[in-house]
Amino acid sequence: MAGQALAAVLGIVLLLALLEPAAAAGLKFSEHDLRSEKAVRQLYERWCKHFQVARKQEEKVHRFANFNQTVHRVASRTIRVADEPLRLNGFADATWAELEACRCRMTPEGRRNLAPMPVKRRGGDANLPLPISIDWRNRTCQGHQCLGPTTGNMIVQLSQQELVDCDQTSRGCRGGLARNAFNYVTQNGIASWQNYPYSFLQRQNGTCLARTTPRTAVTMTGWSQLEPHNEYDLLTQVTYAPVVVAISVGENNTDLTSYAGGLYWGKCGTKNDHELLLVGYGFNYYILQNSWGLSWGDFGYLYLPKTHNCGILNRGATYPVIDDWD
Ligand SMILES: *[C@@H]1O[C@H](CO)[C@@H](O)[C@H](O)[C@H]1NC(C)=O
Ligand SMILES: *[C@@H]1O[C@H](CO)[C@@H](O)[C@H](O)[C@H]1NC(C)=O
Ligand SMILES: *[C@@H]1O[C@H](CO)[C@@H](O)[C@H](O)[C@H]1NC(C)=O
Ligand SMILES: *[C@@H]1O[C@H](CO)[C@@H](O)[C@H](O)[C@H]1NC(C)=O
(Lines give C-alpha, C1' and ligand atoms only; values in the text may rest on other atoms or scores of the structure.)
(Ligands and ions follow the chains in the order given, each with its own letter.)
Protein backbone atom coordinates (compact mmCIF):
# COMPACT_ATOMS: atom_id res chain seq x y z
CA MET A 1 0.00 0.00 0.00
CA ALA A 2 2.73 2.39 1.09
CA GLY A 3 4.69 1.21 -1.92
CA GLN A 4 1.79 2.07 -4.22
CA ALA A 5 1.40 5.50 -2.65
CA LEU A 6 5.12 6.08 -3.05
CA ALA A 7 4.95 4.95 -6.67
CA ALA A 8 2.04 7.33 -7.27
CA VAL A 9 3.96 10.21 -5.72
CA LEU A 10 7.04 9.35 -7.75
CA GLY A 11 4.86 9.19 -10.84
CA ILE A 12 3.52 12.67 -10.17
CA VAL A 13 7.02 14.00 -9.49
CA LEU A 14 8.23 12.44 -12.73
CA LEU A 15 5.28 13.89 -14.63
CA LEU A 16 5.97 17.33 -13.19
CA ALA A 17 9.63 16.96 -14.13
CA LEU A 18 8.59 16.16 -17.70
CA LEU A 19 6.35 19.23 -17.80
CA GLU A 20 9.31 21.41 -16.88
CA PRO A 21 10.91 23.14 -19.85
CA ALA A 22 13.75 21.09 -21.23
CA ALA A 23 16.05 24.05 -21.22
CA ALA A 24 17.49 25.68 -18.14
CA ALA A 25 19.00 28.99 -17.15
CA GLY A 26 22.74 29.44 -17.41
CA LEU A 27 25.18 26.78 -16.26
CA LYS A 28 27.60 28.18 -13.71
CA PHE A 29 31.29 27.38 -13.97
CA SER A 30 34.58 28.68 -12.58
CA GLU A 31 38.16 29.38 -13.63
CA HIS A 32 38.97 26.02 -12.11
CA ASP A 33 37.07 24.36 -14.98
CA LEU A 34 39.66 25.82 -17.36
CA ARG A 35 42.75 24.44 -15.63
CA SER A 36 43.31 21.78 -18.31
CA GLU A 37 41.79 20.58 -21.56
CA LYS A 38 40.51 17.53 -19.71
CA ALA A 39 38.69 19.81 -17.27
CA VAL A 40 37.12 21.76 -20.14
CA ARG A 41 35.99 18.48 -21.71
CA GLN A 42 34.37 17.53 -18.40
CA LEU A 43 32.67 20.91 -18.32
CA TYR A 44 31.41 20.23 -21.86
CA GLU A 45 29.86 16.94 -20.70
CA ARG A 46 28.24 18.76 -17.79
CA TRP A 47 26.96 21.41 -20.19
CA CYS A 48 25.47 18.77 -22.55
CA LYS A 49 23.65 17.23 -19.60
CA HIS A 50 22.44 20.54 -18.22
CA PHE A 51 20.93 21.68 -21.52
CA GLN A 52 19.91 18.15 -22.47
CA VAL A 53 21.69 18.22 -25.79
CA ALA A 54 22.59 14.94 -27.41
CA ARG A 55 25.75 15.18 -29.49
CA LYS A 56 27.11 12.35 -31.60
CA GLN A 57 30.72 11.47 -30.91
CA GLU A 58 32.00 12.81 -34.26
CA GLU A 59 29.91 15.98 -33.86
CA LYS A 60 31.52 16.60 -30.49
CA VAL A 61 34.92 16.93 -32.11
CA HIS A 62 34.20 20.14 -34.00
CA ARG A 63 31.66 21.41 -31.49
CA PHE A 64 34.16 21.10 -28.66
CA ALA A 65 36.35 23.64 -30.44
CA ASN A 66 33.42 26.10 -30.43
CA PHE A 67 32.68 25.30 -26.81
CA ASN A 68 36.31 25.71 -25.78
CA GLN A 69 36.44 29.08 -27.48
CA THR A 70 33.19 30.26 -25.88
CA VAL A 71 34.24 29.17 -22.40
CA HIS A 72 37.57 30.97 -22.60
CA ARG A 73 35.96 34.08 -24.03
CA VAL A 74 33.29 34.23 -21.35
CA ALA A 75 35.88 33.65 -18.61
CA SER A 76 38.18 36.38 -19.90
CA ARG A 77 35.57 39.05 -20.38
CA THR A 78 36.77 42.15 -18.66
CA ILE A 79 33.28 43.58 -18.51
CA ARG A 80 32.23 40.87 -16.10
CA VAL A 81 31.01 42.23 -12.80
CA ALA A 82 33.21 40.78 -10.09
CA ASP A 83 30.53 39.18 -7.95
CA GLU A 84 28.58 37.66 -10.83
CA PRO A 85 29.30 33.99 -11.44
CA LEU A 86 30.55 32.81 -14.84
CA ARG A 87 27.71 31.25 -16.77
CA LEU A 88 27.19 29.46 -20.06
CA ASN A 89 23.99 29.43 -22.05
CA GLY A 90 22.64 26.79 -24.41
CA PHE A 91 24.49 28.25 -27.41
CA ALA A 92 27.97 27.56 -26.03
CA ASP A 93 28.93 24.97 -28.67
CA ALA A 94 26.91 26.48 -31.53
CA THR A 95 28.37 26.93 -34.97
CA TRP A 96 28.53 30.36 -36.53
CA ALA A 97 25.70 29.44 -38.91
CA GLU A 98 23.47 28.44 -35.98
CA LEU A 99 24.09 31.72 -34.21
CA GLU A 100 23.31 33.58 -37.40
CA ALA A 101 20.08 31.61 -37.80
CA CYS A 102 18.77 32.56 -34.38
CA ARG A 103 19.72 36.16 -34.70
CA CYS A 104 16.51 37.36 -36.26
CA ARG A 105 18.12 40.66 -36.88
CA MET A 106 16.15 43.66 -37.90
CA THR A 107 17.56 45.46 -40.90
CA PRO A 108 16.91 49.00 -42.11
CA GLU A 109 15.16 47.59 -45.20
CA GLY A 110 12.80 45.70 -42.93
CA ARG A 111 11.31 48.93 -41.72
CA ARG A 112 10.74 50.57 -45.04
CA ASN A 113 7.20 49.61 -45.97
CA LEU A 114 5.71 50.16 -42.55
CA ALA A 115 4.18 53.27 -41.12
CA PRO A 116 2.75 53.51 -37.61
CA MET A 117 -0.85 54.31 -36.71
CA PRO A 118 -1.39 57.45 -34.67
CA VAL A 119 -0.39 56.92 -31.06
CA LYS A 120 -3.28 55.71 -28.96
CA ARG A 121 -1.93 56.25 -25.51
CA ARG A 122 -3.34 54.01 -22.88
CA GLY A 123 -3.92 56.08 -19.81
CA GLY A 124 -3.69 59.82 -20.13
CA ASP A 125 -2.93 61.20 -16.71
CA ALA A 126 0.58 62.47 -17.07
CA ASN A 127 2.97 62.40 -14.16
CA LEU A 128 1.28 59.80 -12.05
CA PRO A 129 3.89 58.03 -9.94
CA LEU A 130 5.01 54.74 -11.48
CA PRO A 131 5.41 51.52 -9.55
CA ILE A 132 9.02 50.97 -8.44
CA SER A 133 9.05 47.65 -10.26
CA ILE A 134 6.87 45.62 -12.59
CA ASP A 135 7.34 42.05 -13.72
CA TRP A 136 4.62 40.69 -15.99
CA ARG A 137 6.08 37.19 -15.60
CA ASN A 138 4.72 37.09 -12.04
CA ARG A 139 1.36 38.62 -12.71
CA THR A 140 -1.86 36.75 -12.85
CA CYS A 141 -4.72 37.70 -15.10
CA GLN A 142 -8.08 36.30 -14.06
CA GLY A 143 -6.44 33.52 -12.12
CA HIS A 144 -3.88 32.58 -14.76
CA GLN A 145 -0.32 33.60 -15.36
CA CYS A 146 -0.46 36.57 -17.73
CA LEU A 147 2.56 35.63 -19.81
CA GLY A 148 3.21 32.29 -21.37
CA PRO A 149 1.52 29.67 -23.48
CA THR A 150 -1.37 28.84 -21.17
CA THR A 151 -4.91 28.54 -22.40
CA GLY A 152 -7.03 31.27 -20.93
CA ASN A 153 -4.28 33.82 -20.64
CA MET A 154 -5.41 37.34 -20.65
CA ILE A 155 -2.30 38.19 -22.57
CA VAL A 156 -2.46 35.91 -25.55
CA GLN A 157 0.73 34.58 -26.95
CA LEU A 158 -0.13 34.70 -30.59
CA SER A 159 1.88 32.66 -32.97
CA GLN A 160 5.25 34.16 -33.73
CA GLN A 161 5.77 31.56 -36.41
CA GLU A 162 2.61 32.46 -38.24
CA LEU A 163 3.76 36.02 -38.61
CA VAL A 164 7.22 34.97 -39.67
CA ASP A 165 5.70 32.70 -42.29
CA CYS A 166 2.74 34.70 -43.44
CA ASP A 167 3.46 38.37 -42.99
CA GLN A 168 3.57 39.97 -46.41
CA THR A 169 5.07 43.33 -45.51
CA SER A 170 7.86 42.47 -43.14
CA ARG A 171 10.87 40.23 -43.60
CA GLY A 172 10.69 37.36 -41.14
CA CYS A 173 14.09 36.39 -39.76
CA ARG A 174 15.92 38.52 -42.26
CA GLY A 175 14.69 41.59 -40.44
CA GLY A 176 11.12 40.87 -39.48
CA LEU A 177 9.40 43.18 -37.07
CA ALA A 178 8.68 41.86 -33.62
CA ARG A 179 5.74 44.14 -33.05
CA ASN A 180 3.89 41.73 -35.26
CA ALA A 181 4.94 38.74 -33.31
CA PHE A 182 4.85 39.00 -29.55
CA ASN A 183 2.11 39.04 -26.96
CA TYR A 184 -0.98 41.14 -27.29
CA VAL A 185 -3.44 42.15 -24.67
CA THR A 186 -7.10 41.55 -25.13
CA GLN A 187 -9.40 44.40 -24.28
CA ASN A 188 -11.44 42.72 -21.62
CA GLY A 189 -11.58 39.07 -22.31
CA ILE A 190 -9.95 35.76 -22.69
CA ALA A 191 -8.67 34.37 -25.93
CA SER A 192 -7.38 30.97 -26.77
CA TRP A 193 -3.84 29.88 -27.34
CA GLN A 194 -3.08 29.41 -30.98
CA ASN A 195 -1.43 26.16 -31.74
CA TYR A 196 0.59 27.10 -34.76
CA PRO A 197 3.76 25.02 -35.19
CA TYR A 198 6.82 26.95 -34.17
CA SER A 199 10.20 26.14 -35.66
CA PHE A 200 12.74 28.54 -34.26
CA LEU A 201 11.72 31.53 -36.29
CA GLN A 202 12.83 30.18 -39.62
CA ARG A 203 10.53 30.60 -42.52
CA GLN A 204 8.97 27.22 -43.05
CA ASN A 205 10.06 26.63 -46.59
CA GLY A 206 8.40 29.85 -47.61
CA THR A 207 5.00 28.34 -46.93
CA CYS A 208 2.24 29.96 -44.97
CA LEU A 209 0.70 27.11 -43.02
CA ALA A 210 -1.85 29.32 -41.32
CA ARG A 211 -4.46 28.72 -43.96
CA THR A 212 -4.58 25.09 -42.92
CA THR A 213 -4.14 25.65 -39.18
CA PRO A 214 -6.93 26.52 -36.71
CA ARG A 215 -6.95 30.26 -36.20
CA THR A 216 -7.32 32.45 -33.16
CA ALA A 217 -10.01 35.03 -33.26
CA VAL A 218 -7.93 38.14 -33.36
CA THR A 219 -7.06 40.66 -36.00
CA MET A 220 -4.34 43.18 -35.56
CA THR A 221 -5.29 46.35 -37.37
CA GLY A 222 -2.15 48.33 -36.77
CA TRP A 223 0.29 49.48 -34.21
CA SER A 224 1.11 52.55 -32.21
CA GLN A 225 4.55 53.95 -31.60
CA LEU A 226 5.66 56.09 -28.68
CA GLU A 227 7.98 59.05 -29.02
CA PRO A 228 11.62 58.11 -28.41
CA HIS A 229 13.67 59.31 -25.43
CA ASN A 230 10.81 59.34 -22.97
CA GLU A 231 11.36 56.77 -20.28
CA TYR A 232 8.34 57.86 -18.29
CA ASP A 233 6.02 57.21 -21.25
CA LEU A 234 7.68 53.89 -21.92
CA LEU A 235 7.34 52.65 -18.36
CA THR A 236 3.78 53.96 -18.19
CA GLN A 237 2.89 51.72 -21.13
CA VAL A 238 4.46 48.75 -19.35
CA THR A 239 1.99 49.27 -16.51
CA TYR A 240 -0.73 48.39 -19.05
CA ALA A 241 1.02 45.59 -20.92
CA PRO A 242 4.39 44.55 -22.28
CA VAL A 243 5.56 46.61 -25.27
CA VAL A 244 7.99 45.98 -28.12
CA VAL A 245 11.28 47.88 -27.97
CA ALA A 246 14.41 47.88 -30.12
CA ILE A 247 17.95 47.78 -28.75
CA SER A 248 21.28 48.15 -30.54
CA VAL A 249 23.11 44.87 -30.79
CA GLY A 250 25.52 45.21 -33.70
CA GLU A 251 27.07 42.50 -35.81
CA ASN A 252 28.72 39.45 -34.30
CA ASN A 253 27.95 40.46 -30.75
CA THR A 254 29.18 37.38 -28.91
CA ASP A 255 28.68 39.10 -25.55
CA LEU A 256 24.97 38.98 -26.21
CA THR A 257 24.81 35.57 -27.89
CA SER A 258 26.63 34.05 -24.90
CA TYR A 259 24.58 35.94 -22.29
CA ALA A 260 23.32 33.56 -19.62
CA GLY A 261 21.67 35.68 -16.96
CA GLY A 262 22.59 38.48 -14.57
CA LEU A 263 22.85 42.13 -15.57
CA TYR A 264 24.13 42.56 -19.13
CA TRP A 265 27.25 44.74 -19.24
CA GLY A 266 28.42 43.45 -22.61
CA LYS A 267 28.82 45.17 -25.95
CA CYS A 268 26.06 47.20 -27.57
CA GLY A 269 25.77 48.29 -31.18
CA THR A 270 24.90 51.65 -32.67
CA LYS A 271 21.67 51.02 -34.62
CA ASN A 272 18.46 49.82 -33.08
CA ASP A 273 18.65 46.52 -34.86
CA HIS A 274 17.04 43.98 -32.55
CA GLU A 275 13.54 43.92 -31.11
CA LEU A 276 12.46 42.43 -27.82
CA LEU A 277 9.45 42.57 -25.55
CA LEU A 278 9.77 44.81 -22.52
CA VAL A 279 7.89 42.88 -19.81
CA GLY A 280 8.95 44.85 -16.77
CA TYR A 281 11.62 46.74 -14.92
CA GLY A 282 13.36 46.94 -11.58
CA PHE A 283 14.90 49.93 -9.88
CA ASN A 284 17.96 49.98 -12.14
CA TYR A 285 17.22 47.57 -14.99
CA TYR A 286 14.76 46.58 -17.69
CA ILE A 287 13.41 43.03 -18.07
CA LEU A 288 13.20 41.94 -21.69
CA GLN A 289 11.87 38.81 -23.35
CA ASN A 290 14.04 37.77 -26.26
CA SER A 291 13.13 35.41 -29.10
CA TRP A 292 16.15 33.10 -28.91
CA GLY A 293 14.64 30.29 -26.87
CA LEU A 294 14.74 29.27 -23.22
CA SER A 295 18.36 28.16 -23.16
CA TRP A 296 19.51 31.72 -23.84
CA GLY A 297 19.78 34.26 -21.03
CA ASP A 298 17.70 33.82 -17.90
CA PHE A 299 15.17 31.35 -19.29
CA GLY A 300 14.94 33.51 -22.40
CA TYR A 301 15.01 36.88 -20.58
CA LEU A 302 17.56 39.68 -20.54
CA TYR A 303 18.26 42.07 -17.64
CA LEU A 304 19.49 45.30 -19.17
CA PRO A 305 20.89 47.97 -16.81
CA LYS A 306 19.21 51.36 -17.20
CA THR A 307 22.67 52.93 -17.28
CA HIS A 308 23.84 50.55 -20.03
CA ASN A 309 20.66 50.11 -22.02
CA CYS A 310 21.93 49.59 -25.60
CA GLY A 311 19.91 52.56 -26.86
CA ILE A 312 16.53 51.25 -25.73
CA LEU A 313 15.06 54.78 -25.68
CA ASN A 314 16.41 55.79 -29.09
CA ARG A 315 13.43 54.34 -30.89
CA GLY A 316 9.87 54.66 -29.67
CA ALA A 317 8.34 51.47 -28.31
CA THR A 318 5.49 49.92 -30.26
CA TYR A 319 2.39 48.04 -29.33
CA PRO A 320 -0.41 46.58 -31.39
CA VAL A 321 -3.87 47.92 -32.01
CA ILE A 322 -6.33 45.08 -31.98
CA ASP A 323 -9.90 45.45 -33.12
CA ASP A 324 -11.70 42.35 -34.18
CA TRP A 325 -12.62 39.46 -31.96
CA ASP A 326 -14.75 36.68 -33.40
C1 LIG B 1 41.07 25.73 -26.11
O2 LIG B 1 41.27 27.14 -25.98
C3 LIG B 1 42.54 27.48 -25.50
C4 LIG B 1 42.55 28.98 -25.25
O5 LIG B 1 42.15 29.68 -26.39
C6 LIG B 1 43.59 27.02 -26.49
O7 LIG B 1 44.88 27.33 -26.00
C8 LIG B 1 43.47 25.53 -26.72
O9 LIG B 1 44.36 25.11 -27.74
C10 LIG B 1 42.06 25.16 -27.11
N11 LIG B 1 41.91 23.71 -27.20
C12 LIG B 1 41.19 23.10 -28.14
C13 LIG B 1 41.16 21.61 -28.12
O14 LIG B 1 40.54 23.71 -29.00
C1 LIG C 1 9.14 37.01 -10.98
O2 LIG C 1 9.35 35.91 -11.84
C3 LIG C 1 10.67 35.75 -12.27
C4 LIG C 1 10.72 34.64 -13.29
O5 LIG C 1 9.96 33.55 -12.91
C6 LIG C 1 11.59 35.51 -11.06
O7 LIG C 1 12.93 35.38 -11.48
C8 LIG C 1 11.46 36.71 -10.12
O9 LIG C 1 12.25 36.49 -8.98
C10 LIG C 1 10.01 36.93 -9.73
N11 LIG C 1 9.92 38.15 -8.95
C12 LIG C 1 9.22 38.24 -7.85
C13 LIG C 1 9.18 39.56 -7.17
O14 LIG C 1 8.61 37.27 -7.38
C1 LIG D 1 10.02 22.64 -49.58
O2 LIG D 1 9.68 23.10 -50.88
C3 LIG D 1 10.12 22.25 -51.91
C4 LIG D 1 9.82 22.91 -53.25
O5 LIG D 1 8.48 23.36 -53.30
C6 LIG D 1 9.45 20.85 -51.77
O7 LIG D 1 9.91 19.99 -52.76
C8 LIG D 1 9.80 20.29 -50.39
O9 LIG D 1 9.12 19.07 -50.19
C10 LIG D 1 9.41 21.29 -49.28
N11 LIG D 1 9.86 20.80 -47.99
C12 LIG D 1 9.06 20.78 -46.94
C13 LIG D 1 9.69 20.29 -45.67
O14 LIG D 1 7.89 21.14 -46.97
C1 LIG E 1 30.97 38.85 -38.51
O2 LIG E 1 31.47 37.54 -38.64
C3 LIG E 1 31.46 37.04 -39.95
C4 LIG E 1 31.87 35.58 -39.91
O5 LIG E 1 33.00 35.39 -39.13
C6 LIG E 1 32.36 37.91 -40.82
O7 LIG E 1 32.31 37.46 -42.14
C8 LIG E 1 31.91 39.37 -40.74
O9 LIG E 1 32.81 40.19 -41.43
C10 LIG E 1 31.83 39.81 -39.28
N11 LIG E 1 31.31 41.18 -39.24
C12 LIG E 1 31.83 42.11 -38.43
C13 LIG E 1 31.22 43.48 -38.49
O14 LIG E 1 32.78 41.88 -37.68
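Counting starts at 1 for both ligands and their atoms, following the listed order.
Between E45 and R55 there is no salt bridge, since none of the side-chain N atoms of the basic residue sits less than 4.0 Å from a carboxylate O of the acidic one. A salt bridge links E98 with R63: at least one charged nitrogen is closer than 4.0 Å to a carboxylate oxygen. Ionic pairing of D273 and K271 is not present here: no N-O contact between side-chain nitrogen and carboxylate oxygen is shorter than 4.0 angstrom. R41 has a carboxylate O that lies under 4.0 Å from a charged side-chain N of E37, or vice versa, which qualifies the two as a salt bridge.
Not counting sequence neighbours, the partners of S30 by the side-chain contact (heavy atoms from CB on, under 4.5 Å) test are H32, D33.
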Could you give the N/O to N/O pairs under 3.5 Å linking ligand 1 and the protein, each with its distance?
{"unit_1": "ligand 1", "atom_1": "2 (O)", "unit_2": "N68", "atom_2": "OD1", "d": "3.3"}
{"unit_1": "ligand 1", "atom_1": "2 (O)", "unit_2": "N68", "atom_2": "ND2", "d": "2.3"}
{"unit_1": "ligand 1", "atom_1": "2 (O)", "unit_2": "H72", "atom_2": "ND1", "d": "3.4"}
{"unit_1": "ligand 1", "atom_1": "11 (N)", "unit_2": "N68", "atom_2": "ND2", "d": "2.9"}
{"unit_1": "ligand 1", "atom_1": "14 (O)", "unit_2": "N68", "atom_2": "ND2", "d": "3.0"}

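When every heavy atom of L34 is checked against every heavy atom of A75, the shortest pair comes out as CD1-CB, 3.4 Å.
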